[in-house]
Structure formats: structure tokens, C-alpha cells
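So the structure is just underneath, and the comments pick up after that.
Quantities reported herein were computed from a predicted structural model and do not represent experimental measurements. Residue numbering restarts at 1 for every chain, and letters A, B, ... go by the order of the sequence lines.
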Number of protein chains: 2
Amino acid sequence: MRGESTPRLREALEEDIVAGHLRPGQRLDEVSLAARFEVSRTPIREALIQLAASGLVEIRPRRGAFVVLLGPRALIESFELMAEIEAACGRLAARRATPEDRAALAAAHAACAAAVADADAARYYPANAVFHQAIYAATANRVLAEEARRLQVRLQPYRRLQLRVPRRMEASFAEHEAILAALLAGDGAAAAEHLRAHVLVQGERFMSLLGALQAETDADAEAG
Amino acid sequence: MRGESTPRLREALEEDIVAGHLRPGQRLDEVSLAARFEVSRTPIREALIQLAASGLVEIRPRRGAFVVLLGPRALIESFELMAEIEAACGRLAARRATPEDRAALAAAHAACAAAVADADAARYYPANAVFHQAIYAATANRVLAEEARRLQVRLQPYRRLQLRVPRRMEASFAEHEAILAALLAGDGAAAAEHLRAHVLVQGERFMSLLGALQAETDADAEAG
DNA sequence: AGGGGAGATCTTGCATACATGATCTTGACT
DNA sequence: AGTCAAGATCATGTATGCAAGATCTCCCCT
């Protein structure tokens with residue numbers, strides 16, 4: 001067997017979780033996964049441990065591994081942390097962005113604009129992620145950028161639901177405009193504030209959506 | 001063998017690294033560790049993977065595990081990230097600290113004061129860590145607090161060297177006074193600024209210390 | 001004498017085996 | 001009929017075995 005199957009497994013599982021193929025709360029059985037990927041339990045276990053460390057999976061001793069299901073409180077707190085991290089990125093990026101960084105930011109913003117023009121939400125969300133990653137890169141701080149990226153991945157499974165929030169895409173894009181302007185103007189404080197608000201409002205809208213979905217689910221449960 | 005040896009191993013290794021028993025850059029041989037802890041390689045491997053995820057260890061494929069040795073650039077970036085995280089903690093803690101949180105902050109500060117009065121650096125540094133953790137706790141955001149704690153642990157092996165910076169303890173304590181005052185006054189912006197500066201200055205002093213030590217080592221190498 | 005390469009040795013990465021704790025099933029009792 | 005307990009069943013946690021890559025050594029060649 002050629003080596004290095006663990007990284008492949010980790011990426012495949014991460015992809016499945018982030019893409020929503022594996023739902024939050026779902027149990028991840030080592031034996032089934034081993035069968036599915038045609039490897040032994042050992043590399044599966046190692047991949048699961050890594051995913052647990054990155055916050056996508058929770059391992060309960062002797063009980064198994066589960067796709068992390070963030071409760072309302074943990075979700076709020078995670079969005080708050082994300083808001084602070086992104087604000088920090090904005091502060092630093094505004095001061096340090098190189099001409100290349102600025103070009104990348106503008107290009108990512110343009111990609112978002114194209115998606116908005118086509119009202120193509122399925123294209124907007126990846127473009128949005130790229131825009132944010134361009135901000136991380138412009139901080140010239142890889143440790144910070146990596147931290148931001150990890151949090152982004154961790155929240156990805158929940159962001160997907162936002163596709164259902166009406167007119168969220170247009171609102172998000174308008175916020176991006178203000179963020180980009182502040183960044184290009186080198187105004188760190190403004191960029192930080194716009195980013196903080198941008199992420200927090202996402203979190204809030206998401207939470208209210210979650211409440212609506214929960215009510216819906218409860219109603220279904222009663223009806224059924 | 002009764003189960004659950006991996007968490008114990010992880011903590012023991014983390015302790016050894018943070019306490020400086022295992023030096024940055026040192027190789028961690030699975031077989032030796034297994035012999036030392038009287039377990040098989042399997043739980044050792046799993047503990048190492050977890051430590052790699054928390055940033056204390058680096059695993060190079062097919063090459064083995066090494067205690068992470070942050071280069072100058074990564075160190076600067078890590079301190080910068082820490083400064084931003086702590087600033088965020090300060091902002092939120094100033095607004096949200098409960099009476100219990102305030103009491104804990106005051107108590108931690110008093111412990112620092114006692115160590116300063118006795119000029120006892122060995123006691124000051126743990127007390128300092130407790131003070132900062134009290135700030136994290138006061139944010140009422142466990143996700144953020146956990147993130148801060150993880151970074152604190154990650155930088156711990158390097159902070160130890162600061163014991164050698166002259167009058168650093170007094171300077172640190174003076175900065176704590178300003179931080180505590182802002183927190184108790186509910187002034188989030190001031191608390192954030194004081195904390196950011198506090199951590200950044202730590203990082204800067206640390207880096208210059210590192211430069212001095214490096215020069216010393218080089219001189220020794222030439223002399224030897 | 002120094003550098004490079006072939007073979008030996010060692011370590012990691014993965015597979016498999018086994019034991020213990022968790023879960024599920026079944027049956028008895030209230 | 002419902003509940004609880006004991007046994008069966010199963011999954012996890014750990015140990016051990018094995019193959020392949022990395023490192024080290026030593027010798028040959030320039």
C-alpha cells in the first residue's frame with residue numbers, strides 16, 4: 001500500500017462535512033468508513049482525530065465520533081469569535097496590503113459582483129469565501145490567516161443554510177463594498193468595524209433563520 | 001489495560017513541552033515514548049497527532065514528530081495574533097464581566113502583586129497566566145476563551161525565556177494595572193488597546209531577547 | 001582524501017488481532 | 001403491558017505484525 005492515506009481521508013471527510021453530505025450530529029462509524037474508503041480503521045481514526053482538533057468532529061470516548069452539531073450558544077459564540085478575527089484581519093490588511101493583494105481583493109470582489117448580477121447564489125458563496133480569504137492573505141500574517149481559514153471552514157456547514165435567507169446575497173455584497181473601500185483606503189479602523197458588523201449580522205440572520213427552521217421542524221414533528 | 005491512556009499521554013507530553021523539559025526542535029521518537037510511558041505506539045501516535053493539531057508538535061510525513069520550533073517570523077506572527085485575540089477578549093470582558101468575574105480578576109491581580117512584592121518571578125508567571133485566563137473567562141464566550149487558552153499554551157514554551165528579561169515583571173505588572181482599571185471601568189476600547197500593547201510589547205522584548213541569545217549561541221559555537 | 005552510491009538498519013504508516021466498555025436484545029417480573 | 005436486568009453483540013481502544021520509505025554506514029570510485 002502506498003503511504004499517506006490519512007491526509008486524503010481527512011480531506012475527503014472534511015469535504016463531505018463542509019458540503020453537507022454528512023450532517024451535523026451524524027455518527028461516523030470507523031468500520032463503515034474504513035470499508036467505504038477501503039483502508040483499515042487506523043488511518044480512519046487518525047483522520048477523525050485531526051478533524052476533531054479542527055472542530056468539525058467531536059469524539060466522545062468509547063462512544064464514537066460525531067459530526068459536530070454546534071448548539072445555538074456555541075454558534076453565537078463562534079460567529080462572535082469569527083467577527084473579532086476578521087476585524088483583526090481587516091485592521092492589519094488595510095495597513096499592509098501589497099499591490100498584488102489589492103488586485104486580488106478587487107478581483108474577488110468582481111467575482112462576487114458577477115454572481116450578484118446573475119442572482120446566482122450558488123456561485124456567490126464560494127466567491128464570498130475567496131474574497132474573505134483574500135483579506136486574510138493581505139494581513140501578511142500566515143498564523144492569523146490560518147486561524148481565520150480554520151474558523152471559516154468550521155462554520156461552513158452552517159453558512160450553507162444562509163442560501164435560504166432572502167436578499168442576503170445583495171446585503172452581503174453591499175457590505176463587501178464598504179469593506180473593500182476601507183481596505184483600499186488603508187483605513188484599518190473602518191475596515192475592522194465593517195468586517196465585524198458584516199460577520200455579526202451574518203450570525204444574527206443565521207440564528208433567526210435557525211429559529212424559524214426549528215419551529216418548522218417542531219411543527220412537522222407534531223403533525224407527523 | 002484499562003482504556004483511555006491517550007488523554008493522559010497528551011497531557012504529559014504537553015506538560016513536558018510547555019515546561020521546557022522537551023526542547024523546541026527535539027525529535028519525539030514513537031518507540032522511545034512508548035517505552036517510557038509503558039504503552040504501545042498506537043496511543044502515542046494519537047497523542048502526537050493531537051499535539052500537532054494544537055500546534056505544539058509538528059509531524060513531518062515519514063520523518064517523525066518534532067517539538068515545534070517557531071522561527072522568528074512565526075513567533076512575531078503568533079504574538080500578533082495573540083495580541084488581537086486578547087484585545088478582543090478585553091473588549092468583550094469589559095462589557096460583560098459579572099461581579100464574580102470582577103472578583104476573580106481582582107484576586108488574580110492581587111496574586112501578581114504579591115509575586116512582584118517578593119520579586120518572585122517563578123511565581124509571577126503562573127499568576128500572570130491566571131490573570132489572563134480570568135479575562136478570557138469574563139468574555140462570557142467559551143469558544144473565544146478556548147481559542148485564547150490554546151494560543152497561550154502554544155506560546156508558553158517561548159515565554160519561559162522571558163524570565164531573563166530584566167525588570168520585565170515590574171513592567172508587565174504596571175500594564176496589568178491599566179488593563180484591570182479599564183476592565184473594571186467597563187471601557188472596552190481602552191481594555192482592548194492596553195491588552196494589545198501589553199502582548200505586543202511582550203513579543204517585541206521577547207524577539208530582541210531571542211536575538212541576543214542567538215548571538216550568544218553563535219559566539220559559543222565559534223569559540224567551541 | 002573527498003564525494004557518491006549500494007546495502008543495512010531503523011522508523012513510520014498501515015493492517016490485523018484482541019480486550020474492555022457500551023449498546024442492544026430478550027426475557028422475566030411487577 | 002411496561003420496565004428492568006442479564007446476556008449477547010458490537011464498537012472502540014490498545015497491542016502487535018508487516019511492508020515501504022528514510023536514514024546511516026561503509027566502501028568504492030574519482
Pairs under 3.5 Å (N/O, protein and nucleotides 6-11 of chain D):
from: D:dA11; atom 1: O3'; to: A:R27; atom 2: NH2; distance (Å): 2.8

Would you kindly give the CZ-to-P distance between A:R45 and D:dT12, to the nearest whole Å?
-> 8 Å
Test ring-ring contact (aromatic ring centres under 6.0 Å, His included) applied to A:Y124 - qualifying residues, sequence neighbours left out | none
Separation of B:I44 atom CD1 from C:dG13 atom C1', in whole Å?
-> 16 Å
For the pair made of CD in B:E46 and P in D:dT14, what is the distance, rounded to whole Å?
-> 7 Å
Under 6.0 Å from the six-membered ring centre of A:F66 and within 45° of its axis: does the NZ or CZ of A:R60 meet both?
-> yes
What side-chain donor-acceptor pairs closer than 3.5 Å can you find for residues 9-22 of chain A, not counting sequence neighbours?
from: A:D16; atom 1: OD2; to: A:R36; atom 2: NH2; distance (Å): 2.6

Check whether any side-chain nitrogen or oxygen of B:S5 sits under 4.0 Å from OP1 or OP2 of D:dT14, and answer yes or no.
-> yes
Going by distance alone, is a donor N or O of one side chain under 3.5 Å from an acceptor N or O of the other, for B:Q50 and A:Q50?
-> no
Side-chain N or O of A:T42 closer than 4.0 Å to phosphate OP1/OP2 of C:dC14 | no
How many Å lie between CD on A:E58 and C1' on D:dT12, as a whole number?
-> 16 Å
To the nearest angstrom, the CD-C1' distance between B:E38 and D:dA15 comes to 15 Å
Where each residue is assigned the nucleotide of DNA chain C containing its nearest heavy atom, which of A:T6 and A:P61 is assigned the position nearer the 5′ end?
-> A:T6
Looking only at side-chain atoms of A:R41, point me to the closest of C:dA15, D:dT14, C:dG13.
-> D:dT14
B:R8 with B:E38: basic N within carboxylate O range, under 4.0 Å | no
Return the value, rounded to whole Å, for the distance between atom CD1 of B:I59 and atom P of D:dA22.
-> 16 Å
For atom CZ of A:R8 and atom P of C:dG13, their distance in whole Å | 15 Å
Would you check if the side chain of B:E84 reaches a backbone N or O of A:A88 as a donor-acceptor pair within less than 3.5 Å?
-> no
Give a yes-or-no answer on whether the side chains of B:E86 and B:H132 include a donor-acceptor pair shorter than 3.5 Å.
-> yes
Write down the distance between CZ (B:F66) and P (C:dT11), rounded to a whole number of angstrom.
-> 12 Å
